[in-house]
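We count ligands from 1, going down the list as the structure has it; atoms in each ligand are counted the same way.
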Amino acid sequence: MNELIAPNLPYDMMPRARAAIADMHLQQFVGRATHLKDEQRKNVFGDDFGHDGYDALRDLAANTKQHALDHLDELLERFIERAQATGSIIHAATDAREACGIALDIAARHGAKTCVKSKSMLTEEIGLVDVFTKAGIETVETDLGEFILQIDNDAPSHIVTPMIHKDRASAARSFVRVLGSRYTEDPTELTMIAREHMRELYRRADLGISGANFLLADEGTAVICTNEGNFDLSVGGPPVHIVFVGIEKLLRGARDLAPFLKLLARSGTGQPLTVYTSFVKGPRRSTDASGPKEVHIILVDAGRTGILASEKRELLRCIRCGACLNACPVYRKVGGHTYGSVYSGPIGAVLTPELNRGSPREEGLANYPDLPRASSLCGACLEACPVKIDIPKFLLHARAELRDRSLSPTSESRALALWRTLAQRPMLFRMAMRAARMHARMLGTHDGGIAWIRKAPGPAAGWTSSRDLGIATEQPFRAWFTEHSAQRGSS
Ligand code: SF4
């Protein structure tokens, strides 16, 4: 189920995090794949642009995108006018329900029974496949990873690599179970099996659906970057095509596109460019060999104008490359499903509570109080981000909001309140430290002036659930510090 469209869900990330950490297969798949992609990203940028060139490219992209966001109203008007001039039918949806409703109307008008869909995070966000399936429209994911997840009744766990939490053997088992094919773990053979299954679907589909990576206002064109060619088949075969796209995807035009194409593929997968960069500019013309007779573009807000009006506006620069997920030490350990939201990893942690803010379906941080804490604040996400979104800053803002709205877990609030009380009273602090040292001397395992406690009581119990607590018993840190700073001062 899509949690973004299900209000008032109880939300607790910790049980999922514990299960993920205990799952050695998950650790292996996610850890290895993210590490590899992160290394590939660094290598390809270093080789192609050098450090300074890469940084200049990021600055250019960040400024270009920010400029587009700052002029979004003008660009939207221009895009709508130019896209309509080339025959596209434009719709505006304020939220997920409206976006799905518009698509259902289009499908009903054309008597659509089968739909082929290429990968789109926005359609995940609005829960489109569930809505279509309930309406009796067979909706098939055509991206290979998404297809495997769909037949497994599973959900994507990464923005770019949806089945990063699975291996080839599980895909092979699913193909045997659902498609009746012979068991093979060979990627080419698996692709051929999926291809054979889908060719027939492309032929009989009434409707094609996709997302878009960019919208070009000057040209009234949607740009879609893919690696498998499935988008081109889903737009080329069916008579009707619907593009779902968030309004933040606007750029001024083709003149601004090049830096983003250079950054998107390199940041996401380490490729110089995605294999396919497709442009949708209206329906098929009389001179075209193929293409849909009708193109609908559904411009989705779903909280984006709220973000645009806030101090978190720069979050909308995100081009969904997934680099911050690959770089994040927390994501690498727990994978995407742990976050419990469609967008996972560092960008998901700050973006998810903002989506749909102000709408009846929104609970913001109250629905996702664990997300801002799913970070070590190491800054790897900012370093990896091709459009320089300062994710750590927004994580800190969100943590401050949790505190101000009393949304922090009680145990954490109590621990911090205790710390505050002690830190503000030196005498009390020293007494507490003395008591801790006595406790450590009696119960800890001694090693070179440190007593290690395996299972601490009270507020420190969480700390020792995954590590030992070391307390200096022979010389308190403050005494050591005073002594050494005095020595340094006299030398
Ligand atoms: S926040 Fe930056 S790194 Fe993360 S997905 Fe978005 S663009 Fe990529």
Spell out the protein N/O/S atoms under 2.8 Å from atom 2 (Fe) of ligand 1 as residue plus atom name.
-> Cys385 SG
Ser120 meets the side chain to side chain contact (heavy atoms under 4.5 Å, CB included) criterion, sequence neighbours left out, with Leu122, Thr123
Is a side-chain donor or acceptor of Asp143 paired with a backbone partner of Lys119 at a separation under 3.5 angstrom?
-> no
For Glu314, the side-chain hydrogen bond (donor to acceptor under 3.5 Å, both in side chains) test, sequence neighbours excluded, returns none
Shortest protein contact, atom 5 (S) of ligand 1 (heavy atom only) | Gly322 N, 3.3 Å
Would you please classify the geometry between the His241 ring and the Phe231 ring as parallel, tilted or perpendicular, with 30° and 60° separating the classes?
-> perpendicular
Using side chain to side chain contact (heavy atoms under 4.5 Å, CB included) as the criterion, list what pairs up with Asp154, not counting sequence neighbours.
-> Leu149, Asp152, His165, Lys166, His337
Do the side chain of Glu248 and the main chain of Arg304 share a donor and acceptor less than 3.5 angstrom apart?
-> no
